[in-house]
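What follows is a short report on a single structure.
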Amino acid sequence: MNVVLSIAFVLTWSSGFIGAKLGAGSASAATVLMWRFLPLAVVLAVVALTLTRASWRGVTPRDIGRQSVVGALSQSGYLLTVYYAIQLGVSSGTTALIDGTQPLVAGALAGPLLGQYVSRTQWLGLGLGVTGVVIVTAADFAGGGGAPWWAYLVPFLGMLSLVAATFLDRRTRRPVRPGVSMTVHCVTSAAIFTALAAATGGVVPPAEASFWVAIGWLVTLSTFGGYGLYWLILRRSGVTQVNTLMFLMAPVTALWGALMFGEPFGAQTALGLAVGLAAVVVVRRGRDRGDAVPAAKAPVTAASAEPAPRVRTDR
């Protein structure tokens with residue numbers, strides 16, 4: 001996995017939690033998300049109709065339908081839970097920490113669903129990643145917070161939504177070009193969030209400049225940066241590698257939140273960051289060594305009996 005892409009992905013994906021907190025101070029989650037995606041969807045649709053029409057050749061209604069579902073899960077479902085949790089009072093760092101459990105779920109399911117079995121060394125790295133998340137989570141909870149206890153369950157729903165989208169996309173045997181999938185995802189999310197904002201009376205944006213700063217931040221860094229790099233690295237390197245980088249989101253977001261919002265960041269959080277970095281190194285070495293668990297030891301399912309779908313990366 002390209003180191004520069006990995007660093008850019010971690011920073012831009014983490015920026016989404018910070019941008020969510022910036023927007024939460026001036027508008028509801030539905031309003032922020034509507035104005036994040038509606039103008040972007042219009043621009044992408046115009047580009048698709050004028051500049052990139054060739055990319056849509058061969059794209060079937062079934063392809064668009066599948067990508068709409070992927071977008072509804074990976075953008076709408078995931079982001080709505082993240083924003084709602086932060087709006088309820090869960091800190092940006094804690095939300096990222098809860099989302100940090102995604103690699104364990106994705107790694108455990110990669111074998112039976114995709115036939116991409118995780119090596120022993122990679123499992124060690126995943127275990128280190130979980131340890132790092134637990135360390136930082138304990139530090140963050142020790143600092144206290146004003147959110148109700150059930151608010152901490154909301155990000156788990158978003159994590160599961162993103163995991164489902166990841167595996168649905170990887171099971172697709174007719175992958176579409178990144179520009180096509182990005183356009184479909186954003187248009188789908190714009191429709192969902194606009195309907196939600198209209199239903200809750202949040203269509204009209206606030207007049208505060210901070211709101212539009214947050215929108216610009218989210219569109220530039222989070223959507224084009226984090227979201228785009230997520231699917232790029234996923235298709236180039238696979239589920240285990242891209243989700244291992246998710247272990248870094250929690251400590252990076254916690255540090256970012258400390259610098260911007262004064263959220264606590266102490267020695268325990270720094271230790272969690274170090275453990276997360278070690279997890280990434282271990283998983284990458286496990287991939288390079290290829291010390292995979294023999295397939296005979298893995299459960300045989302309909303999904304694992306099939307060859308993993310080949311995803312073209314030259315598009």
Side-chain angles (χ1 to χ4, degrees), residues 10-34 36 73-105 129-130 132-164 189 193 196-197 200 202 206 210-211 213-215 217-218 221-222 226-227 243 246-266 268-270 272-273 276:
V10 171
L11 291 176
T12 53
W13 190 277
S14 299
S15 72
F17 298 100
I18 304 302
K21 184 151 189 171
L22 287 172
S26 56
S28 67
T31 302
V32 173
L33 288 167
M34 171 189 166
R36 170 181 174 176
L73 290 170
S74 63
Q75 279 190 347
S76 306
Y78 174 73
L79 291 175
L80 184 60
T81 57
V82 168
Y83 281 54
Y84 185 51
I86 291 177
Q87 185 179 349
L88 289 171
V90 181
S91 70
S92 58
T94 299
T95 304
L97 294 169
I98 296 173
D99 284 334
T101 60
Q102 179 193 356
L104 179 62
V105 177
V130 172
V133 169
V134 171
I135 291 173
V136 184
T137 301
D140 197 77
F141 273 105
W149 66 268
W150 54 267
Y152 294 92
L153 301 177
V154 175
F156 279 106
L157 299 177
M159 178 270 296
L160 294 174
S161 182
L162 184 57
V163 168
S189 294
F193 292 134
L196 183 60
T200 57
S210 59
F211 173 82
V213 170
I215 295 299
W217 174 294
L218 291 167
L221 294 178
S222 303
Y227 190 73
N243 281 292
M246 287 293 185
F247 284 128
L248 300 179
M249 304 305 174
V252 168
T253 303
L255 175 60
W256 204 334
L259 295 175
M260 288 192 65
F261 306 116
E263 296 176 351
F265 185 92
Q268 192 170 343
T269 302
L273 173 59

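All figures in this text were calculated on a predicted structure; none of them were measured in a lab.
Minimum interatomic distance between A85 and P155 (heavy atoms only, all atoms of both residues): CB-CG, 3.6 Å. Of all heavy-atom pairs between M249 and A96, the closest is O-CB, 4.0 Å. Considering all non-hydrogen atoms of both residues, G202 and T31 come closest at O-OG1, 2.6 Å. The shortest non-hydrogen separation linking G158 to Y78 is O-CD1, 3.3 Å.
Listed for the Q268 side chain is a donor-acceptor partner under 3.5 Å among the backbone atoms of I135.
Looking at heavy atoms from C-beta onward, L218 lies in side-chain contact with V32 at the 4.5 angstrom threshold. In this structure, the side chains of L196 and M34 stay at 4.5 Å or more apart for every pair of heavy atoms. In this structure the side chain of F17 never reaches within 4.5 angstrom of the side chain of L22, judged on heavy atoms. Annotation: side chain of F261 is in contact with side chain of I18 (closest heavy-atom distance under 4.5 Å). Side-chain contact between Q75 and L80 is absent, with no heavy-atom pair separated by less than 4.5 Å. Considering only heavy atoms from C-beta on, F156 stays 4.5 Å or farther from T81 through its side chain.
Partners of S222 according to the side chain to side chain donor-acceptor pair (under 3.5 Å) rule, which considers only residues two or more places apart in sequence or in another chain, are S15. Applying the side-chain contact (heavy atoms from CB on, under 4.5 Å) rule to S74 yields the partners V70, L162, A165, H185, Y227, W231; only residues at least two apart in sequence or on another chain are considered. With sequence neighbours left out, the side-chain contact (heavy atoms from CB on, under 4.5 Å) criterion links S161 to L73.
With ring centers used as reference points, W217 lies under 6.0 Å from W256.
Within 6.0 Å of OH in Y84 there are 12 or fewer heavy atoms belonging to other residues, nucleotides or ligands.
Side chains of S189 and S76: a donor on one and an acceptor on the other come within 3.5 Å.
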_If you apply the rule side chain to side chain contact (heavy atoms under 4.5 Å, CB included), what do you find for L79 with L33, and how did you get there?_
CA-CA 8 Å; L79 291 175; L33 288 167; 4.0 Å; yes
So K21 and Y83, side chain to side chain contact (heavy atoms under 4.5 Å, CB included) or not? Walk me through it. CA-CA 8 Å; K21 184 151 189 171; Y83 281 54; over 6 Å; no
